[in-house]
Amino acid sequence: MNNQTRYPVVVLGGGIAGIAAALELTRLGHEVALVEKTPFFGGRAAHLCCKATDVCQKCGACLVQERLKALFQEPRISLYPQTELLESSRQNGLFHLRLQQQPLVINPERCVDCGLCQEECPAATQGAIITTSVTQNHPRYAVDPAACLYFQDGSCRVCQQICPPTARAIDLEQPEKTMDLAAEAVIVATGYRPGDPACRSHYGYGRHPQILSGVELEERLKNGTGLVGPDREPPRRVAFIQCVGSRDLQHPYCSQVCCGYTLRLARLLKHRQPEAEITTFYMDLQNTGRDAPRLQAEAHREIKVVRALPGDLRAAADGSLRLRYLHEENAAAVEAAFDLVVLSVGIGPGADNAALAALLQVELTPDGFFQTSGRQQYTETSQPGLFLAGTASGPRDIAGCITQALAAARQASQYVQKS
Amino acid sequence: MSIARDLDIILAHGPELSAGGLDYYKLGLWAAGLPKSRILALNPGLPAEELAQRLQAFLYRGSEHRVLLAALDPRLRARQIIRLLLEEIRINPEFLGVLDLQEALGYPDPQACSLKAHNLIRLAASMLTRAEPIVTRELPVNSRVLVWGDSFAALKAAVDLVNQGYPVLQAFPGPAFKPLIPGAPLTQPPGEELLQLTSQAQSHPAVQLAPQARIIEVQGSAGNFQVKLETDQEVRVETVGAMILAPEMHLQPGEAAASLSPHPRVLTQTRLEEILAAPEEAKDLLGPGAPSLQVAFLGADSHPLALRRALDAAKKFLARDDCRVLLLTRDAKVGVPELEGELEEAASSGLIVVKLPGLPALSLEGDRPRFTFFDPVMHQEESLACDLVILDEVYAPAAGNAAQAELLGLFPGPRGFFQVDNVRHLPVITNRRGICVAGPARGVMGLDQALAEADAAVSAVHQLLGRGRAEAPQGRAVIDRGRCVLCLTCHRLCPHGAVSWDNRAIINELACQGCGVCASQCPNEAIQIRNFTDDQVVAAMETLDPRLTPKIVAFLCQNSAWEAYHGALKMQQIVLPLGFTPLRMPCAGKIDIDYLLKAFTYGADGVLVLGCHSDNCKSQMGNEHALWRVERARTMLEEAGVDPRRLVFRTLAANAPRDFLAAVHHLAGLLQEVKAA
């Protein structure tokens, strides 16, 4: 067993909430360990695109950037990438966390992010070497032992051999590490999982390339991989369908962010391509941002907003997608053709929530998010010293995540000082 | 005129520099030839002790080390050296230039790579040799805090502040605390914790209460505000170091109320709650023997919290089997935790939800109100008589916020709330240091979030006031008192309220955020922003190398474009024009017309000005100033016979490196057109 390292606060989750909480804790004078399951920091919010037309639309995606930069320059935050919680126990108020870190095969001191390893990896399509578009991360490549051939049977060492001799950054024999951390307080900021776009099977997600989830659309716009309609031109007729993975029997809650990102993305598409016709199908339009009436009035001018969830989607022979819905004014069935259909997926509970909650001995809500305790405790849980930040405890936008992270950091700081 | 001083250049060469195709030996020789410079080639992979020894042996004696650290990805790879320089050798952070040579690696010709790298070093060196130290100093500040308002967020802020040792002056407009629980019936008594909060704020000796107060004047800035308060007894001036604004919202009649005269069967949500809370009155409505009712709730679609209030009352009627309860609404706003479940539950116990494109027409037919509307589900005109109609109410910002924002020098927020709608200010800061907002001051929100914001605001105040002593960078913006003619352009333009005056303008160091909007607009060139002085910018432009073409001088706002530029460098296979010369600016508002014109006189083919998107500027107006100046410069260029297309202004976000590349390529394309023409 390794020596136990002690931190006043350990933050689980390296997304925007975890980063904001960790940075605030250092400002309050604490050393922090930031534990992230994936090899890269920034979380899902770092993959969202800027939705400014020429005017900022206040989505908050750019807020991740400066915080990420600050994170990598902050010496009082110890970063634990590719690390998961294995066990947790409490003695005399201290959390004892056993963490498992996957082998850090690529040496950050030597790697130059040339990307040769990924290009040459025979199992790259299975995800053996993964990369990130969040460029502050370094290295921006990581080996996933679950998919890497070397870790399966030792049969392949291509990446190690191909790594330029001046760098020689890859060492496949790096061991997996188990670490024991002691912490006086823990902040859970493990985030969410986007709703499954295939959960509404009648929308045919996965069966047609012109059907995207909202998350995919964001990524394409961010990475500039572009949108192509059936005729190789940019899609001219675009439909957004709301409430995919929210407000149904399996997900009896509103994800709060989808109306906002849909209207902003729709306006962005319209701005880039003024001749596009964009339609949003919705149940109830939720408030979007601090100046919701203004954003919605602007959106209504530029895009068509239809209160109806299409009942039927099929691909037509001309390559378009046909949606059928009931017209609100005269209740007649209408069929409309689109080049691109975007399913506005919501915020679902994190995949590991149940396991994590069991390890940390806290409760989940019936929807599968972490339960805050009492109505007035925005960040506290039933475990004293264990705090919540971000979407771990339910849907919220980037600004909401940061607010809650700041509050959690202050609560944790006060808890640490008291104990 | 600033003096160029000695500079130590450290070239951190791992194996990766040569891997990238750079000849760092040649680079070292070239750099050694720069004026006033010495160079040390250092492998950052050496053990820390040896690194420290070598650095100590190399650096100039004394405390005024100006050090340029050039490496590939230095923040990561040369982290150890940076740490040693800052923490062990303790050089001034302003004197450490960190240069990423990544940009030089993209060119196919190794000679071009090295030349480009040399030019990057030369550019950074020219700025750094003229750098002046910024020393932070401790300023005494008033540790008293004004909490404005009596919302629960205000009460929590006050209690938390006094618990951290800050005396609090709590001023609010009413005669006594009257906090709201958003989303709950007005008659609902607060829970134990909230009661405790109220009594603590009321009775804590360090909380001074000023009921029935009005702020009529504010002087001073962060750390030392003089607030003139008017109460029913007196007008007094209070000195505080910071303020937290958290005035309570109030309820306003919704849209439907406007068209109606008072009627006994038409109630406001508040009146209904009063009736339901009074046992005698409620009995007539809900008790045994009460008549069966058709009740319609109208609207409740301004905010999920308004819907929550309506549902809470609707449930009381639904509990009776013989009541028919309708909700006529435009949108069921359920975007707060658990409300979707509550709505579903109400629907399953009989609530009829009718969603309409607009609120229905309401008329009085005899004694009873009647609605007419087109029902999209039944597909027919509906006419509906009701026994009781409940008009919704809207959560609205405290009256007088707008006037107060003007008094306080704050940019107005959306819909009468405080805090301008600019994500840079999220969650709780404003354009003026020392003035924070929380909860109902900045928007309609549930109690949970309001209290969390109170936490964040208290943290922000604590970080500013630090129990009576604040750290401020000294001389970040300097006024030449010999040149100042007290025109007060700076005072008018400063977005942060940092400029005051005696017989010359004075910049408050604690409030100044160094954006430089004042410096570039000062008609007499009396203001310089330290380390972005005119001398430095001109010296940087002098480094333009005729061998590197096309020569593009880019002024990059450090809050967006500079980040996007660095993001772009890390994208795969990016090649910027060889003569691309990036100049970091503290804000686009710092860009002077002079800079734009001088860039051309120093031989630039094109000039690129990149700032933040509109509404996204950290200093709110900096990007607009930049745009105006670019437009002005373009007319001047045209008059001088220079093609104005050679000067381009664009806005972008920090997370949009592709927009940065698009802007550079756009200008490069234009330059080709201009050249061909």
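Lettering of chains follows the sequences in order, A, B, ..., and the numbering in each one begins at 1. Just the heavy atoms: all of them, side chains too, but no hydrogens, waters or symmetry mates, feed the values below.
- A donor-acceptor distance shorter than 3.5 angstrom exists from the side chain of B:Arg424 to the backbone of B:Asn616, with no hydrogens or angles considered.
- Residues B:Gln449 and A:Arg396 have side chains that never bring a donor and an acceptor to within less than 3.5 angstrom of each other.
- There is no contact between A:Gln57 and chain B, counting heavy-atom distances below 4.5 Å.
- Contacts between B:Val420 and chain A at a heavy-atom distance below 4.5 Å involve the backbone alone (N, CA, C, O).
- Both the backbone and the side chain of B:Ser459 have a heavy atom closer than 4.5 Å to some heavy atom of chain A.
- Aromatic ring pairs are classed by plane angle as parallel below 30°, tilted from 30° to 60° and perpendicular above 60°; the pair B:Tyr565 and B:Phe660 is tilted.
- In this structure, the portion of B:Val336 lying under 4.5 Å from any heavy atom of chain A is its backbone and not its side chain.
- For the pair A:Tyr378 and A:Thr372, the minimum side-chain heavy-atom distance is 4.5 Å or more.
- With a 4.5 Å cut-off on non-hydrogen atoms, B:Ser302 touches chain A through its backbone but not through its side chain.
- Listed here is the closest heavy atom pair of B:Asn655 and A:Cys50: OD1-CB, 3.5 Å.
- Heavy-atom distances place the side chain of B:Gln164, and not its backbone, under 4.5 Å from chain A.
- Within the 4.5 angstrom heavy-atom criterion, only backbone atoms of A:Thr53 (N, CA, C, O) approach chain B.
- One N or O on the side chain of A:Thr26 and one on the backbone of A:Leu23 form a donor-acceptor pair closer than 3.5 Å.
- There is no contact between B:Pro657 and chain A, counting heavy-atom distances below 4.5 Å.
- If you measure heavy-atom distances from A:Arg290 to chain B, the contacts under 4.5 Å come from both the backbone and the side chain.
- Looking at B:Glu453, its side chain does come within 3.5 Å of a backbone N or O of B:Gly439 through a donor-acceptor pair.
- Residue A:Tyr282 touches chain B through its side chain alone, counting heavy-atom pairs closer than 4.5 Å.
- By number of non-hydrogen pairs under 4.5 angstrom with chain A, the leading residue of B:Ala654, B:Ala653, B:Gly413 is B:Ala654.
- When each of A:Arg294, A:Met283, A:Arg140, A:Lys222 is scored by its heavy-atom pairs under 4.5 Å with chain B, the top score falls to A:Arg140.
- With a threshold of 4.5 angstrom between heavy atoms, B:Arg442 approaches chain A through its backbone and through its side chain.
- For the options A:Leu48, A:Asp113, A:Leu285, A:Leu406, heavy-atom pairs under 4.5 Å to chain B are most numerous at A:Leu285.
- Interface remark: B:His566 contributes no atoms to any contact with chain A (heavy atom separation under 4.5 Å).
- Between the side chain of A:Thr403 and the main chain of A:Ala399, a donor-acceptor pair closer than 3.5 Å is present.
- Interface check for chain B: of the options A:Gln286, A:Gln256, A:Arg410, the most heavy-atom pairs under 4.5 Å are formed by A:Arg410.
- Screening B:Thr329, B:Leu327, B:Asp331 for a side-chain contact (heavy atoms from CB on, under 4.5 Å) with B:Leu307, the sole residue that qualifies is B:Leu327.
- Ranked by heavy-atom pairs under 4.5 Å with chain B, the first of A:Leu68, A:Asn223, A:Val257 is A:Asn223.
- No more than 12 heavy-atom neighbours from other residues, nucleotides or ligands sit within 6.0 angstrom of CZ on A:Arg168.
- For a residue to count as touching a neighbouring chain, one of its non-hydrogen atoms must lie under 4.5 Å from one of that chain's; by this rule A:Cys259 does not touch chain B.
- Within the 3.5 Å criterion, the main-chain N or O of A:Glu66 finds no donor-acceptor partner in the side chain of A:Gln136.
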